[in-house]
**Student:** 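Structure provided below as structure tokens; questions to follow.
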Amino acid sequence: PQELEAMGQLARSRGVPWVVATSEPSTEEEVLVLSLGAVEYLPATGDGQVARARLGRIMRDRYNLERVSQDLLTDPLTKLPSRQSLLDQLRSEWERGLRTQEPVSFVLLDLDGFKAFNKAHGYLSGNAALITAGAALDAAVSAPGSVVARFGGNEFAALLPGASRDDATRTADHMRATVARLALANPGCEPSHLTASVGTHTLNPGDDASLFELVDGASINLTANRRRG
């Protein structure tokens with residue numbers, strides 16, 4: 001039992017799954033192993049075919065689960081972090097900000113008139129524009145700890161841990177200028193190239209603020225800036 005407990009503790013500390021295969025299975029040991037967090041208890045009797053088959057099933061299930069998890073964290077089109085991945089990172093940075101009392105900034109960027117762009121040039125051209133813009137924005141934002149993600153549709157977001165309001169404004173302006181420099185042609189429209197609108201918000205994590213207010217604030221400012229544009 002002590003060896004099994006040590007194995008379970010080691011597996012938990014490293015975040016890895018573990019199984020136990022034995023040629024002398026017992027109900028008591030199986031209950032102990034599973035209660036310690038083992039994925040499976042495999043009676044390796046006879047030629048071991050059943051144990052190998054069950055182990056193969058465990059490995060396939062884990063591989064499929066990891067693929068699904070990775071798909072949820074990565075935007076399939078731009079290959080940037082997904083909205084879910086960004087929000088998970090925001091929660092972590094918010095908790096860190098609670099300890100360090102450092103601000104957290106959030107930037108939302110919207111490609112102006114993108115629905116009309118899709119209608120005029122087709123969805124394949126629209127997808128190509130999103131891929132190009134996403135890669136350029138990811139390269140443009142390089143502050144330590146920053147994350148650029150596709151937030152949804154034609155919106156991109158940047159999480160800026162430790163960034164002040166002025167830092168966030170400068171980053172947002174740089175992101176908007178980055179899109180303009182791409183000169184993604186939008187013939188037949190005014191302007192003739194895709195442009196972007198941005199909104200930022202900065203908060204100091206604490207009892208009187210929440211991470212939801214941070215995202216909502218950036219969205220409200222984006223809407224206001226879009227209207228002014």
Side-chain angles (χ1 to χ4, degrees), residues 70-90 92-93 103-202 211 214-229:
Q70 187 60 40
D71 288 344
L72 291 174
L73 296 177
T74 303
D75 175 60
L77 178 64
T78 64
K79 307 307 178 185
L80 292 175
S82 66
R83 180 192 184 106
Q84 182 59 55
S85 178
L86 182 70
L87 293 178
D88 289 345
Q89 186 66 28
L90 173 56
S92 297
E93 292 298 343
V104 179
S105 292
F106 199 81
V107 180
L108 274 177
L109 178 145
D110 179 76
L111 296 178
D112 298 325
F114 197 72
K115 288 183 179 179
F117 180 92
N118 270 339
K119 186 175 181 179
H121 310 299
Y123 286 98
L124 290 181
S125 294
N127 286 346
L130 289 171
I131 293 170
T132 299
L137 291 169
D138 189 39
V141 181
S142 57
S146 62
V147 180
V148 173
R150 186 181 180 195
F151 204 65
N154 49 292
E155 285 189 342
F156 296 89
L159 171 62
L160 308 172
S164 67
R165 183 176 287 105
D166 289 342
D167 292 334
T169 299
R170 283 191 290 270
T171 298
D173 288 342
H174 182 49
M175 292 171 67
R176 181 169 51 193
T178 295
V179 172
R181 282 195 298 270
L182 291 174
L184 296 169
N186 192 13
C189 298
E190 183 60 37
S192 59
H193 295 89
L194 278 179
T195 59
S197 297
V198 292
T200 71
H201 201 51
T202 301
L211 58 88
L214 181 67
V215 177
D216 289 344
S219 180
I220 291 169
N221 290 332
L222 169 62
T223 300
N225 292 336
R226 189 188 293 123
R227 285 173 180 167
R228 285 199 294 268

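Here the structure is a predicted model, which is why all the values come from computation and not from measurement.
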**Student:** With side chain to side chain contact (heavy atoms under 4.5 Å, CB included) as the test, would you mind laying out the steps for Leu222 and Glu155 before giving the verdict?
**Tutor:** CA-CA 10 Å; Leu222 169 62; Glu155 285 189 342; 3.6 Å; yes
**Student:** Which pair of non-hydrogen atoms, one from Leu214 and one from His201, has the smallest distance, and what is that distance?
**Tutor:**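 The pair with the smallest heavy-atom distance is CD1-O, 3.3 Å.
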**Student:** Carefully, step by step, assess Leu211 and Val104 under the rule side chain to side chain contact (heavy atoms under 4.5 Å, CB included).
**Tutor:** CA-CA 9 Å; Leu211 58 88; Val104 179; over 6 Å; no
**Student:** State whether a side-chain donor-acceptor pair under 3.5 Å links Asp110 with Ser197.
**Tutor:**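 Side chains of Asp110 and Ser197: no pair found under 3.5 Å.
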**Student:** So, the side chain of Asp112 versus the backbone of Ala196: is there a donor-acceptor pair under 3.5 Å, distance only?
**Tutor:**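 Judged by distance alone, yes, a pair lies under 3.5 Å.
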**Student:** What's the shortest heavy-atom distance between Leu86 and Ala149, and which atoms?
**Tutor:**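 Scanning both residues completely, I find the closest heavy atoms to be CB-CB, 3.9 Å.
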**Student:** From Asn221 CG over to Asp216 CG, what is the distance, rounded to the nearest 0.5 angstrom?
**Tutor:**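 Here the rounded value is 11.0 Å.
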**Student:** Which atoms form the tightest heavy-atom contact between Val107 and Ala172, and what is the distance?
**Tutor:**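 The answer is CG1-CB, 3.8 Å.
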**Student:** Who pairs with Ala168 by side chain to side chain contact (heavy atoms under 4.5 Å, CB included), at least two apart in sequence or on another chain?
**Tutor:**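 Partners of Ala168 by the side chain to side chain contact (heavy atoms under 4.5 Å, CB included) criterion, ordered by chain and then number, come out as Ser105, Leu160, Thr200, Thr202.
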**Student:** Taking all non-hydrogen atoms of both residues, which atom of Ala185 and which atom of Phe117 are closest, and how far apart?
**Tutor:**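 Looks like O-CE1, 3.3 Å.
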**Student:** For residues His121 and Ser125, report the shortest heavy-atom separation together with the two atoms involved.
**Tutor:**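 Smallest interatomic distance, heavy atoms only, reads O-OG, 3.3 Å.
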**Student:** Taking all heavy atoms of Leu159 and all of Pro161, pick out the closest pair and write down the distance.
**Tutor:**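 Closest heavy-atom pair between Leu159 and Pro161: O-CD, 3.4 Å.
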**Student:** For the atom pair OG (Ser164) and CZ (Arg170), what is the distance rounded to the nearest 0.5 Å?
**Tutor:**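 One finds 6.0 Å between OG of Ser164 and CZ of Arg170.
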**Student:** Indicate yes or no: does Arg176 engage Asp173 in a salt bridge with an N to O separation below 4.0 Å.
**Tutor:**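 Salt bridge present between Arg176 and Asp173.
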**Student:** Please report the interatomic distance NE2(His193) to CG(Leu182), rounded to the nearest 0.5 Å.
**Tutor:**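 Taking NE2 in His193 and CG in Leu182, the distance rounds to 10.5 Å.
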**Student:** Measuring from Leu109:CG to Thr171:OG1, what's the distance to the nearest 0.5 Å?
**Tutor:**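 Rounded to the nearest 0.5 Å, the CG-OG1 separation comes to 12.0 Å.
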**Student:** Give a yes or no answer on whether the side chain of Asn154 reaches the backbone of Leu111 with a donor-acceptor pair at less than 3.5 Å.
**Tutor:**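 It does hold such a pair.
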**Student:** Any chance you could measure Phe156, atom CZ, to Asp75, atom CG, to the nearest 0.5 Å?
**Tutor:**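 It comes to 8.0 Å.
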**Student:** Show me the donor-acceptor pairs, under 3.5 Å and distance only, between side chains in residues 126-142 and residues at least two apart or in other chains.
**Tutor:**
from	atom 1	to	atom 2	distance (Å)
Thr132	OG1	Ala128	O	3.0

